[in-house]
Protein chains: 2
Amino acid sequence: MAAQLDELDRKILGELQLDSSQSLDEIARKVGSSKTPVWNRIRRMREQGVITRQTAILDAEALGLEACFFVLIRTSEHEAEWQRKFLKTLRDRPEVLEAHRLAGDIDYILKVRVRNARAYDQFYQALISEVKIYNVTALLSMEEIKSTTVLPL
Amino acid sequence: MAAQLDELDRKILGELQLDSSQSLDEIARKVGSSKTPVWNRIRRMREQGVITRQTAILDAEALGLEACFFVLIRTSEHEAEWQRKFLKTLRDRPEVLEAHRLAGDIDYILKVRVRNARAYDQFYQALISEVKIYNVTALLSMEEIKSTTVLPL
DNA sequence: CATGAAATAACCGTAGG
DNA sequence: CCTACGGTTATTTCATG
């Protein structure tokens with residue numbers, strides 16, 4: 001699964017993570033190469049799936065999404081049908097930005113971005129009405145110290 | 001803080017979140033407008049800070065970053081100096097993708113992406129040697145059900 | 001907001017090391 | 001696999017009505 005990347009590939013990825021709107025010439029100059037190899041490598045990494053997509057990162061506060069919760073979920077249900085429905089609910093809900101199945105006594109963790117605490121409660125009520133859940137703990141973020149999509153290379 | 005955005009602004013943001021490499025013409029066509037207004041609105045939203053930056057999303061697995069942990073931290077220290085050092089450590093560490101200060105009995109939550117469990121342990125040892133921490137719980141992700149940068153508009 | 005023109009950049013060859 | 005160059009097309013950027 002892990003692609004074999006050399007130092008130049010990593011430098012290119014670093015630049016694209018910092019600012020993907022840079023021109024090929026600019027990236028080439030910064031990584032100490034030229035346009036053609038940079039272009040070929042970017043194309044190759046796209047095809048390999050190393051580069052997933054290109055996106056605009058928006059400011060959640062500026063959009064009025066002022067509340068962020070991490071939700072710890074324990075469930076007693078482990079049937080395939082229950083899980084299928086639960087996962088579909090998470091994927092369909094746009095306020096769920098992250099969802100992971102965990103090892104250990106907590107089964108799932110979610111990251112949820114909403115307008116305010118009231119909107120979180122609406123999400124929570126909708127969630128527990130759709131699928132049976134044993135125990136839920138919501139952790140309210142007071143301050144986003146760091147939030148990045150930049151992966152270490 | 002929250003910017004006032006109309007329906008067209010939101011549609012444009014939606015397109016940029018889905019794929020920021022689309023041309024202005026393409027975006028304009030999809031949102032039912034034309035090039036000039038779309039361009040002016042994007043520029044305005046950049047200046048306002050609604051659009052933070054443009055980035056390439058990479059596949060962590062393809063880069064060999066196969067382990068993801070959520071780390072729950074309790075501390076007894078609440079001095080300014082301790083906190084300053086703790087936050088600096090988190091910001092400086094590239095494997096820390098998210099860090100939030102929380103309300104309630106858990107003080108902080110981190111999301112950490114590393115090569116494997118061994119690399120997490122190295123991170124953990126480095127962290128507790130740099131700052132005094134009362135209690136740490138690491139939750140290991142078994143499956144990334146969802147992970148998106150797309151905010152609901 | 002529309003039109004369109006000028007500058008810039010992407011894309012994709014080819015040749016040569 | 002790299003550099004270097006060009007040429008076509010696409011796109012951005014901005015002036016003007």
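Labels below follow one simple rule: chain letters A, B, ... track the order of the sequence lines, proteins then strands, and each chain is numbered from 1. No experiment lies behind these values; they were computed from the predicted model shown.
Aromatic rings from B/Phe86 and B/Tyr108 are positioned such that their centres are separated by under 6.0 Å.
Using a cutoff of 4.0 Å between basic side-chain nitrogens and carboxylate oxygens, A/Arg74 and A/Asp105 are scored as salt-bridged. In summary, B/Arg41 and B/Asp6 engage in a salt bridge, as defined by a charged side-chain N under 4.0 Å from a carboxylate O. Using a cutoff of 4.0 Å between basic side-chain nitrogens and carboxylate oxygens, A/Glu81 and A/Arg84 are scored as salt-bridged. Ion pairing of B/Lys30 with B/Glu15 is present here, as a side-chain N (NZ or NE/NH1/NH2) and a carboxylate O approach within less than 4.0 Å.
When the P atom of D/dC14 is taken as reference, atom CZ of B/Arg44 falls 17 Å away, rounded to whole Å. Distance A/Glu7 CD to D/dC1 P: 18 Å, rounded to the nearest Å. Between the CG atom of A/Asn40 and the C1' atom of D/dT3 there is a distance of 12 Å, given to the nearest Å. Between B/Ile42 atom CD1 and D/dT13 atom C1' there is a gap of 12 Å when expressed in whole angstrom units. Note: CZ (B/Arg43) to C1' (D/dT13) measures 9 Å, nearest angstrom.
When the nucleotides D/dC14, C/dC1, D/dC2 are ranked by their closest atom to the side chain of A/Pro37, D/dC2 comes out on top. Residue B/Arg41 has its side chain nearest to C/dC1 when only C/dC11, C/dG13, C/dC1 are considered.
Following chains of ILVMFWY side-chain contacts shorter than 4.5 Å, one can reach B/Leu13 starting from A/Leu97, so the two form part of one hydrophobic cluster.
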Problem - Steps toward side-chain contact (heavy atoms from CB on, under 4.5 Å) verdict (B/Leu72, A/Phe70) - result: CA-CA 11 Å; B/Leu72 308 179; A/Phe70 288 87; over 6 Å; no
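Using the six-membered ring where Trp is involved, A/Phe123 and A/Tyr120 have ring planes that are tilted, between 30° and 60° apart.
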Restricting both atoms to N or O, compile the protein contacts to nucleotides 5-8 of chain C shorter than 3.5 Å, with distance only.
none

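For the segment residues 14-34 of chain A, residues with any heavy atom less than 4.0 angstrom from an atom of DNA chain D are, sorted by number, A/Ser33, A/Ser34.
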